[in-house]
Structure formats: C-alpha cells, structure tokens
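This report concerns only the one structure given below.
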Amino acid sequence: MLQAADYLIASQQSEMANLAQLRQTGRFISQVSQLVHLLQRERGASNIWLCSQGTLFADALALAEQQVSAALLQLDAVMPAATPHASHSRLFSRIACALYGLDSLTALRQQVREQRISHSDAMAAFSQVIHQLLALVFEVADSADEPRISRALTALFSFMQGKELAGQERATGSAGFAAGVFNAQQSDTIVALIEAQERSFGLFSQFADAESLHHWQQMADADGDIERLRRIACTRGHSENGALRWYQALTRRIDAMKQIEDRLVTALMACCELAMAEVQTPQGVPVPPVPTPSSESWHGFWLTGSQPSAESDALPQPGGRSLLALVREQAQRLQRQSDELAAMRETVQERKVIEQAKAWLMQQHQYDEQQAWQTLRKTAMNQNKRVIDIAQALLSVSAALSAAARR
C-alpha cells in the first residue's frame, strides 16, 4: 500500500517536471523575443522604404528580411512538438495563430517591394504578426504557476509590449516626418502610444528583477533629441528632412531596450534554475531523476520509471524532522507560492479585462486601439472611477446583450 512518503516524493517530482517544462518554455520565449525584435526592425525599414517611394533603406530592408528568416529557423529548432497535452490547449492555439501570421510575411514583403501597399497598411500587417507573438508570450506568463518564474515572465511580457509600442511610435512618426507635417490622427496616435508605453513599463517595474529595473531606470527618460521631435509630432508641427533623424533616434532607444529585454530573458532562465535547485528531495530517499524534455517531447513527457515504495517509518529524519514535518513543510511552501501567485495574477487579470473591453469597443464602434483606450479612460474620469471598473461594467453589458440576443 502506498504511504505518505510515496506521495511526498511524487509531489516533488511533479514540481520538478513542471519546472523543467518551464525552463524549456523559457528557451522558446527567448527565441520569440529575438524574432519580435527583428520583425520590428523590418517593419521600421519597410515604413521608411514606402514613405520615401523606394529611395531610402533598400539595403536595410533586404538585411532585415534575411535576419527575420534566420530567426524563424532558430525558432523552429525550439518549437514544441504538436503533441496533445492536457494543459496546453490555449498555448497551442496561440502558437497556431502566430504561425498563421508568420506565413503571411511572404505576400506582405512582395507588396512592400513592389510598393503596392500603403505604409499604414504595411505597418498594420506587421503589427498584427507581432501582436500574435506577444499574445503567445502573455499566454505563457499567464499559465506559469511558479511565482518567481511567473513574475519574470510578466516582467518580460510587459517590457516587450512597451517596446512594441515604442516601435509603433517610431513607424508612425517616420510617416509624419517623411510627409513634412503631421495630421491630427498621427499626432493623436503618437500621444496615445507614449501613454500606453508608460502603462506597460509601469507594470514591468512592478515585477522586474532589481538589476533589469536599475538598467531601465538609467535609460527610461527619452533623450533631448527624441523629446524635441516628439513635441513636433504631438503639436502637428512642420519638420523638413526629419524622418531619418527621428528613425535613428528611436532606433537607438529601441536597441537599448533590447539589451534590457535580453537581461530579462537571462533573469527568467536563472529563476527556472534556482527554483529547480530549491525543490529538494528528503535526504536518503532514492528518487529517480526527472528527465529533461527534448524539443520533440516537450509537451508530452512525464515521469518515467517505477516509484519507490517506502513505509513512513523508513523515511530518515534529518535534524529530528519527522515525516509529518516534511509533509507540512512541502504543503506550506506550495501554499505560499499559491498565495503569491494569486496576488500577482490579480494585477495581470486587470490588464486582461481592460484589453477585452478595448477589443469589444473596437469591434462595436470600429475604433482603433488608441480610440478604445481613450474612451475607457475618459469614461472613468467622468464617473470618478478606475478604468478597470469601467472595463468590467462594459463587459457585463456585453455579456447581457449577448445573452439577450440568444433568446
């Protein structure tokens, strides 16, 4: 008959298996991060190419395409196998959406090279591909159940989101400066993107490790040249020959962000290794090693080999600890993790609700993302409520309307 020691060992082995899977996930997300950065670079080069009617950035555009193609091969090397797994339905769905978007790059690039697409449509198409990749990172962050790893993933996703908004600011500003003047929509978009960056980096600051946060604080404020150009953009000012100056200044900033992003990936992997090291098996109990998942079996592996059967009085008691004490210690540690994870996810859940409310407004009123956010924020200010309260109320109305429509 199985005893308490068997289940204690099984609990720890299960935790180790989960952490090993999260470590492999971290390697996958690292490659996603690199791919997103290179896609942002290709989007920027495409934007300058189209805005200049093909007179600028031809070589940079070709190089960016080559780098993205190389990154896709690297991503494929760590891509999880499409093996059914009980807990990965949403993750696999996100991967499918991301791959579908990446498949559209060939046709998009052809349109860009032949200048058969406007810079705004090209930007939207690239941004949609990047959005699907970021949604994949968010899904991983949302499903991680080890607090330190979840914090590291949330910090990484929030920073990647802020960096993506900075890339959209670069593309929008490049179009305005290339035209010599900003229209009202472009200026409003720049303002909204700056505000959205502050929100993303604010969430990042809540969860980032100390070293990454320190490096971000050193570069958080935009340099003087960017601030001067932003004032021109936000006030619909005129600027001749400002496109390259703007693009180069924002590119320096985004490249510096990538260095912090790389630090966050390193911090994520360190969290995985530390968590695995801290899951200790009771001394003297022979526990088979947990296999490290290969890329082929990443989502299908589980514990192999026979489990030892031990009587409760056969478990050593180092330092005078009884089996009951070891069981309680394990339960208390897992409960602390659960409590920390719940508190952290409450913050992340608020972001999800706001994003869902924005999506509903975009669908119902044909708003873009910035217009949807401004609507939520303005309503909250007018009613003296939090944005999350307005978002929750809006989703409740949406649910009631859907239920009424089904009757």
Side-chain angles (χ1 to χ4, degrees), residues 40-41 43-52 56-57 118-124 126-127 130-131 158-205 216-257 260 354-355 358 361-362 365-382 387:
Q40 290 166 338
R41 185 177 293 174
R43 178 182 58 192
S46 298
N47 201 57
I48 294 290
W49 161 265
L50 290 169
C51 288
S52 67
L56 297 173
F57 273 38
S118 68
H119 66 82
S120 58
D121 288 343
M123 175 182 167
F126 274 110
S127 297
I130 293 170
H131 172 78
S158 300
F159 195 85
M160 290 178 69
Q161 180 66 36
K163 179 167 159 285
E164 163 58 9
L165 293 164
Q168 293 182 25
E169 180 190 5
R170 175 177 61 184
T172 303
S174 295
F177 281 112
V181 63
F182 284 80
N183 59 40
Q185 182 179 4
Q186 288 171 327
S187 293
D188 290 345
T189 298
I190 292 287
V191 172
L193 287 169
I194 292 171
E195 293 176 350
Q197 286 175 63
E198 292 176 355
R199 295 195 301 273
S200 290
F201 292 130
L203 187 60
F204 150 79
S205 298
W216 168 244
Q217 290 170 340
Q218 288 184 320
M219 68 152 292
D221 295 329
D223 63 35
D225 196 29
I226 290 177
E227 287 301 330
R228 285 189 291 272
L229 292 169
R230 276 178 168 175
R231 282 195 291 272
I232 294 173
C234 294
T235 59
R236 300 181 61 185
H238 294 262
S239 177
E240 298 295 334
N241 303 319
L244 286 179
R245 180 181 163 198
W246 167 265
Y247 180 85
Q248 291 168 352
L250 267 292
T251 296
R252 287 193 299 272
R253 178 173 169 79
I254 291 170
D255 286 347
M257 288 180 185
I260 296 176
I354 291 172
E355 291 300 317
K358 283 165 52 179
L361 286 171
M362 292 165 68
H365 301 285
Q366 287 72 56
Y367 289 162
D368 61 25
E369 187 172 0
Q370 285 72 37
Q371 289 172 320
W373 166 250
Q374 294 290 359
T375 298
L376 288 173
R377 192 179 67 164
K378 184 176 180 180
T379 304
M381 291 175 62
N382 290 341
V387 172

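Scope of the values below: all heavy atoms of this structure, side chains included, with no hydrogens, waters or symmetry mates. Numbering starts at 1 and runs along the sequence shown. Quantities reported herein were computed from a predicted structural model and do not represent experimental measurements.
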Sub-4.5 Å side-chain heavy-atom contact between Trp373 and Val387: yes

CA sep, side-chain torsions, deciding dist, call: Arg228, Arg231, side-chain contact (heavy atoms from CB on, under 4.5 Å): CA-CA 5 Å; Arg228 285 189 291 272; Arg231 282 195 291 272; 3.2 Å; yes

Heavy-atom pair of closest approach, residues Val191 and Cys234: CG2-SG, 3.7 Å

Contact summary for Arg236 and Val181, nearest pair of heavy atoms: O-CG2, 4.2 Å

Atom pair CE/CZ of Met219 and Arg253 - distance to nearest 0.5 Å: 4.5 Å

Validation row: His365, Thr375 side chains within 4.5 angstrom (heavy atoms): no

Close side-chain approach of Met257 and Trp216, heavy atoms under 4.5 Å: yes

Beyond-backbone contact of Ser52 with Phe57, side-chain heavy atoms, under 4.5 angstrom: no

Pair listing, side-chain hydrogen bond (donor to acceptor under 3.5 Å, both in side chains) test, anchored in residues 183-194, at least two apart: none

Interatomic distance, Ile130 atom CD1 to Met123 atom CE [nearest 0.5 angstrom]: 9.0 Å

Exercise: identify the closest heavy-atom pair between Leu50 and His119: CD1-CA, 3.8 Å

Ile260 side, atom CD1; Phe204 side, atom CZ - distance, nearest 0.5 Å: 6.0 Å

Arg41 side chain reached by Ile254 side chain, heavy atoms, under 4.5 Å: no

Residue pairs passing the side-chain hydrogen bond (donor to acceptor under 3.5 Å, both in side chains) test where at least one lies in residues 161-175, sequence neighbours excluded: His37-Lys163, Gln40-Lys163, Gln40-Glu164, Arg43-Glu164, Glu164-Gln168, Glu169-Gln197, Glu169-Arg230, Arg170-Thr251

Closest heavy-atom pair and its distance - Ala171, Asn47: O-ND2, 2.7 Å

Straight-line distance of Glu198 CD to Leu193 CG, nearest 0.5 Å: 11.5 Å

Distance, nearest 0.5 Å, that separates OG1 of Thr379 from CE of Met381: 10.5 Å

Non-hydrogen atoms of Phe126 and Ser46 that approach each other most closely: CE1-OG, 3.6 Å

Closest non-hydrogen atom pair, Ile232 against Phe182: O-CD1, 4.3 Å

Separation between CD1 of Ile48 and CZ of Phe177, rounded to the nearest 0.5 Å: 11.0 Å

